[in-house]
Amino acid sequence: MSEKILENKKNGMAVLVGTIFGLILSIALIIVGASFEIDVVVIIAIVALCIGWIPLLGLRILKPQEALVLTLFGKYIGTIKGEGFYAVHPFCSSVNPAAQTKLNQSGDVSTVEKSVISTNGTGINVATVDKKLSLKIMTLNNNRQKINDCLGNPVEIGIAVTWRIVDTAKAVFNVDNYKEFLSLQCDASLRNIVRLYPYDVAPGIDTTGDGVADDGSLRGSSEVVASRIRDEIQERVTEAGIEIVEARITYLAYATEIAAVMLQRQQASAIIDARKMIVDGAVGMVEMALERLSQNDTVHLDEERKAAMVSNLLVVLCGNKDAQPVVNSGSLY
């Protein structure tokens, strides 16, 4: 089902003024007919007064970026969009199956309670639901999910999806509840994409499906992952008349049961990388020292003394604590 926009319906003010004028005229005719005892005029005026208010039922007011999907006796007759004062068929009704659905998102329509005074003087709260559809860009923050990455490690991840309705007829009639449908498809798409990536870069992992190992990861390729999640969701919700504007990862962490172990692993990896850098720098400094001593003929050392000097320099340069020098005041040999 495709959307059908009702044009030339912004004549609500004219219908309101004309209806009020007709009711006033009917009252005046009743008075005049009763004064001159013209029964036919009185009867016609009374009938007109009884049914003259019916056009008021078709008056609708819309604010910017709002829409109403209208049905007449169960048949879809069209959608009115944009701000204005509309006059439609008085017996048509508005349809929005997701009006009372509240998710963790912006733009949810609230239920308005009105107090009605009953015959015994007590107040009764009557809930009325606004059936208008918002055409604004809204944000959906689904609950965090625990998903196993491609290596089987459980991770917790959350996304924020910005979306809007582009086809009101599809959103209302193609799915039972477009808000719940969108939320479910976001969860399913997130699970499908996350299981293709490791949390961190791992060797021999193909995340693109081209058969070649790459460096893709949830932590390092967040933009690429978010783009794939957005495309996956869009493919699933097109039939619901929804456009996915953007999808962003808002939370990413290892699950609590393995977080401590993975932290130790990251710390060990960082320590190893730091040690490698320290050793590379120390070896370069020792090579430079031996080269300078041999060039300037400062000290002549045999191979055994060179080995001892290299060992001492490496201990000093690679140690975690400051070295305690020992001064030899005697002979070198």
Side-chain angles (χ1 to χ4, degrees), residues 1-101 107-136 164-165 167-169 171-173 241:
M1 180 175 291
S2 299
E3 183 181 68
K4 181 171 64 175
I5 305 298
L6 296 178
E7 303 289 347
N8 302 323
K9 294 293 182 179
K10 290 186 178 181
N11 50 3
M13 185 58 67
V15 172
L16 176 62
V17 173
T19 302
I20 294 175
F21 178 77
L23 294 176
I24 295 175
L25 180 61
S26 298
I27 295 173
L29 289 176
I30 292 175
I31 296 173
V32 173
S35 301
F36 292 93
E37 297 182 353
I38 306 176
D39 296 337
V40 176
V41 175
V42 173
I43 294 173
I44 294 175
I46 291 175
V47 172
L49 186 63
C50 292
I51 65 174
W53 54 271
I54 293 180
L56 298 177
L57 299 177
L59 299 180
R60 301 288 190 276
I61 298 177
L62 292 183
K63 293 178 288 188
Q65 294 297 318
E66 286 185 345
L68 270 178
V69 177
L70 303 175
T71 60
L72 181 61
F73 304 123
K75 181 181 179 180
Y76 172 63
I77 61 173
T79 302
I80 54 176
K81 284 184 176 181
E83 70 277 11
F85 192 13
Y86 293 85
V88 296
H89 195 287
F91 295 108
C92 68
S93 58
S94 305
V95 181
N96 183 5
Q100 292 181 290
T101 302
D108 279 333
V109 180
S110 301
T111 300
V112 180
E113 290 188 352
K114 294 184 178 180
S115 180
V116 180
I117 304 300
S118 61
T119 55
N120 57 3
T122 59
I124 301 175
N125 290 328
V126 179
T128 59
V129 180
D130 193 352
K131 296 296 185 69
K132 298 174 183 176
L133 277 73
S134 176
L135 303 180
K136 302 175 183 177
R164 62 184 173 189
I165 297 175
D167 193 311
T168 57
V172 171
F173 298 113

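Just so you know, residue 1 is the first one in the sequence shown, and it goes up from there.
Between His89 and Phe73, the ring planes lie perpendicular to each other; the angle is over 60°, past the 30° to 60° tilted range.
By the 4.5 Å heavy-atom criterion applied to side chains, Ile38 and Val42 are not counted as neighbours. Side-chain atoms of Val172 and Pro97, non-hydrogen and from C-beta on, do get closer than 4.5 Å to each other. Between Thr168 and Leu135, the closest side-chain pair of non-hydrogen atoms falls below 4.5 Å. Contact of the Leu68 side chain with the Val88 side chain is not registered, since no non-hydrogen atoms from C-beta on lie closer than 4.5 Å.
Listed by chain and number, the residues in a ring pair (Phe, Tyr, Trp, His ring centres under 6.0 Å) with Tyr86 amount to none (sequence neighbours excluded). Under the rule for a salt bridge (charged side-chain N to carboxylate O under 4.0 Å, His left out), Lys9 has no partner lying at least two apart in sequence or in another chain. Listed by chain and number, the residues in a ring pair (Phe, Tyr, Trp, His ring centres under 6.0 Å) with Phe36 amount to none (sequence neighbours excluded). Considering only residues two or more places apart in sequence or on other chains, Thr19 meets the side chain to side chain donor-acceptor pair (under 3.5 Å) condition with none of them. Taking the side-chain contact (heavy atoms from CB on, under 4.5 Å) definition, one finds that Ile20 meets it with Leu16, Ile24, sequence neighbours left out.
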Without placing hydrogens or testing angles, list every side-chain donor-acceptor pair under 3.5 Å for residues 51-62, not counting sequence neighbours.
from: Trp53; atom 1: NE1; to: Cys50; atom 2: O; distance (Å): 2.4
from: Arg60; atom 1: NH1; to: Leu57; atom 2: O; distance (Å): 2.7
from: Arg60; atom 1: NH2; to: Cys92; atom 2: O; distance (Å): 3.3

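Closest heavy-atom contact between Lys136 and Pro64: CE-O, 4.2 Å. For the residue pair Ser26 and Ala48, the shortest heavy atom distance occurs at OG-CB, 3.5 Å. Among all heavy-atom pairs drawn from Tyr76 and Ser2, the shortest one is CE2-O, 3.8 Å.
Judged as a side chain to side chain donor-acceptor pair (under 3.5 Å), the pairs with a partner in residues 61-71 (not counting sequence neighbours) are, in order, Thr71-Ser93. Sorted by first and then second residue, the salt bridge (charged side-chain N to carboxylate O under 4.0 Å, His left out) pairs involving residues 74-83 (not counting sequence neighbours) are Glu3-Lys81.
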Before giving the answer on side-chain contact (heavy atoms from CB on, under 4.5 Å), spell out for Asn96 and Val69 the whole-Å C-alpha distance, their side-chain angles and the decisive distance to 0.1 Å.
CA-CA 7 Å; Asn96 183 5; Val69 177; over 6 Å; no
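Atom CG of Leu49 is separated from atom CD1 of Ile27 by 5.5 Å, given to the nearest 0.5 angstrom.
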